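Fair warning: this is a prediction, and the values are worked out from it, not measured in the lab. Naming convention: chains lettered A, B, ... in sequence-line order (proteins, then strands); numbering from 1 in each chain. Just so it is clear, the values below take in all heavy atoms, side chains as well, and ignore hydrogens, waters and symmetry mates.
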There are 2 protein chains.
Amino acid sequence: MAGPGRGVTIADVAARAGVAASTVSYVISGKRSISPETAGRVMQAVADLGYHPHAGARSLASRRAGVIAMMFPIRDGMHLPVLMQFAAGAVAEARRHDQDVLLMTADEGPAGLARVAASAMVDGLILMDVEVRDPRVEVLRRLGLPNVLIGFPADSKDLTCVDLDFTAAGRACADYLADRGCGDIALLGAAEAVYERRTGFAERVREGFLGRPGVRAEVRPCPNYPTEVQRAVKELLAARPDLTGLAVHNEPAVGHVMHALADAGKRVGEDFHVVVIGPDEVAERVHPQLPSVLVPAETLAQTAVRHLMRKLDGLDVPDSTLLEPQLTIR
Amino acid sequence: MAGPGRGVTIADVAARAGVAASTVSYVISGKRSISPETAGRVMQAVADLGYHPHAGARSLASRRAGVIAMMFPIRDGMHLPVLMQFAAGAVAEARRHDQDVLLMTADEGPAGLARVAASAMVDGLILMDVEVRDPRVEVLRRLGLPNVLIGFPADSKDLTCVDLDFTAAGRACADYLADRGCGDIALLGAAEAVYERRTGFAERVREGFLGRPGVRAEVRPCPNYPTEVQRAVKELLAARPDLTGLAVHNEPAVGHVMHALADAGKRVGEDFHVVVIGPDEVAERVHPQLPSVLVPAETLAQTAVRHLMRKLDGLDVPDSTLLEPQLTIR
DNA sequence: TTCCTCAATCGAAGCGCTTCGACAAGCTTC
DNA sequence: GAAGCTTGTCGAAGCGCTTCGATTGAGGAA
């Protein structure tokens with residue numbers, strides 16, 4: 001099955017099936033009609049020999065590499081588990097379209113994009129963690145390499161962007177808290193670095209959260225580590241003694257926030273309300289369980305890959321796709 | 001710089017430099033000696049045109065793809081941040097050797113290995129999170145694709161394996177606790193699923209931890225989420241009232257373990273000792289700071305990639321590389 | 001000067017695939 | 001039953017690169 005000797009070529013398959021190499025190619029690609037008998041014999045030969053087309057040869061001849069690149073942020077303050085989910089979702093979806101995924105890191109920057117584009121190593125590109133002013137975007141535009149962005153740069157004209165509607169997510173949190181009578185609310189967000197970079201989603205959450213009229217609201221960055229989270233919560237409570245509602249958009253912090261609130265004598269779900277933006281597990285596995293807005297990393301990744309595939313096939317896709325956030329009450 | 005039109009070929013470079021295409025190739029690869037003047041002109045032309053060799057053509061002609069695959073575990077209970085560090089380290093090191101990294105997930109299993117090998121899509125492979133009995137290992141053996149494993153399967157004969165010496169890490173933790181007079185110790189490890197899969201490192205930590213004579217020791221799996229961690233700690237303390245030393249090999253749990261211990265009235269650093277296997281931040285950012293054994297994901301990744309590169313160049317590498325753990329006291 | 005060596009370069013032959021145009025049969029259609 | 005379509009298949013060209021001789025001149029040994 002795995003083929004013993006190295007290098008089963010299309011010629012080997014053709015010989016075994018008693019047809020021309022081009023016929024084998026057409027059977028595999030389905031680009032010309034082939035009689036069922038011939039096709040059957042060819043497929044059999046393919047299976048018998050464990051044939052897989054040589055990727056390089058194929059890309060050379062067809063100008064399609066069968067690979068897409070994902071440029072990953074590996075940076076301070078990014079929320080890792082979500083990234084992993086994203087990667088897993090993207091690879092899974094790409095494989096469904098018979099594509100592989102090349103992993104790039106943001107360190108390579110714009111030059112990396114130019115490199116993979118010029119070497120025809122990949123057919124398309126998914127760019128993650130897009131910043132409001134992102135130098136890579138400009139390069140991408142003139143490269144002409146089909147691409148999809150996760151996130152929205154300042155000027156998203158002519159680009160295909162996909163993201164959760166973070167503004168709506170922020171608004172949903174504010175609404176949830178306000179509806180429970182909180183007139184004084186705050187959001188603990190990602191680490192400071194994320195804000196400094198002007199990562200799109202952080203700004204949009206803020207915008208949505210602060211937009212609710214008739215409520216006093218504030219957004220603060222929040223570190224990821226136990227003692228610092230505790231301190232941040234303490235400071236917040238000291239600064240805003242009338243605070244009764246809190247949104248947390250920082251996964252590893254949630255458990256510690258809950259602790260700090262308990263230490264401060266707040267009874268969550270009674271005189272104090274908390275809502276989470278993050279994975280279900282995080283919201284479920286604290287006591288009490290919290291309402292939450294899911295960041296649908298896997299769906300996002302799938303959508304991005306699908307859009308990219310459509311672009312590769314010359315089909316059109318919406319310029320901008322915003323996934324509707326869903327607030328789950330527990 | 002980024003090249004305007006698509007498809008600058010070696011012929012374009014050759015024409016501009018006034019040499020034959022083969023000469024350009026030799027300048028780039030350095031496989032034959034070329035006069036400095038010619039080389040200079042060629043390099044200039046390369047830069048002027050923004051030439052990058054077509055990856056497919058190159059792989060077809062040279063039987064080297066310039067890509068290595070990493071097969072990633074995206075599974076329950078794995079500790080994500082460490083994986084990310086690993087990925088980042090591997091990509092960085094690979095780029096230093098002018099290689100790219102193809103991302104695969106363990107879902108594709110053995111068939112995925114066969115596929116990338118047969119299609120000559122990658123030159124080599126790094127396999128992560130190897131289990132004691134791993135079905136992929138057998139396939140790998142007969143595929144003949146150069147590879148490096150992170151972790152050790154039961155039979156590591158003829159394989160190149162790299163890992164932290166987890167046995168020594170477990171032992172170091174036991175020793176640390178015993179040296180502080182703890183005669184009754186326990187280790188809280190990864191989630192149960194990790195043990196069920198018989199992931200190598202978990203078993204080896206256990207072995208090392210339990211090996212210290214004259215100490216009553218035990219290893220327990222530990223979930224990752226706040227309330228469950230609390231419960232696990234409570235159960236442990238109830239079952240072992242004389243417990244005075246604890247090792248934690250589960251990053252997200254550390255903060256919550258500390259809380260649970262405080263709740264139980266244990267004074268860590270005084271009548272009770274805790275040591276962590278995990279990243280420095282995790283150990284530093286709790287109160288009190290804890291001693292810890294670092295899992296050097298980046299070094300591990302670098303080592304793996306370097307070994308793989310050497311294998312690709314036909315050089316030999318040690319069959320088994322165990323990184324010495326370092327216990328940092330804070 | 002002649003012969004040999006060596007460094008520097010060129011040209012051509014593939015690598016394994018896709019794709020285009022051609023062609024032989026088997027059908028219609030009048 | 002000739003003219004035109006289809007359908008299924010083949011052969012050849014070529015994608016852009018590497019690599020293996022072959023070739024050319026220059027320098028040294030004789």
Atom pairs and distances, donor-acceptor, side-chain atoms in residues 39-47 of chain B, under 3.5 Å, two or more places apart:
from, atom 1, to, atom 2, distance (Å)
B:Arg41, NH1, B:Ala17, O, 2.6
B:Gln44, NE2, B:Asp48, OD1, 2.8

Pair up each side-chain donor or acceptor in residues 23-33 of chain A with any protein partner under 3.5 Å, not counting sequence neighbours, and list the distances.
from, atom 1, to, atom 2, distance (Å)
A:Ser29, OG, A:Ser25, O, 3.2
A:Ser29, OG, A:Lys31, N, 3.3

Result block: side-chain N/O donor-acceptor pairs under 3.5 angstrom for residues 56-63 of chain B, not counting sequence neighbours:
from, atom 1, to, atom 2, distance (Å)
B:Ser62, OG, B:Arg58, O, 2.7
B:Ser62, OG, B:Arg64, N, 3.3

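Remark: side-chain polar atoms of B:Arg95 are paired, donor with acceptor, to backbone N or O of B:Gln99 under 3.5 angstrom.
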| task | At under 4.0 Å between heavy atoms, which parts of nucleotides 10-22 of chain D does protein reach? Answer with one letter per nucleotide, 5' to 3': B base, S sugar-phosphate only, - none. | result | BB--BBBBSBBBB
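Axis angle across the helix from C:dT1-D:dA30 to C:dC30-D:dG1, with five pairs used at each end and values rounded to 10°: 40°.
Salt bridge absent: A:Glu138 and A:Arg141 never bring a charged side-chain N and a carboxylate O closer than 4.0 Å.
Here the shortest heavy-atom pairing between B:Pro73 and B:Met128 reads CD-CB, 3.8 Å.
The side-chain hydrogen bond (donor to acceptor under 3.5 Å, both in side chains) contacts involving residues 145-161 of chain A comprise A:Thr160-A:Lys311, where partners must be two or more places apart or lie in separate chains.
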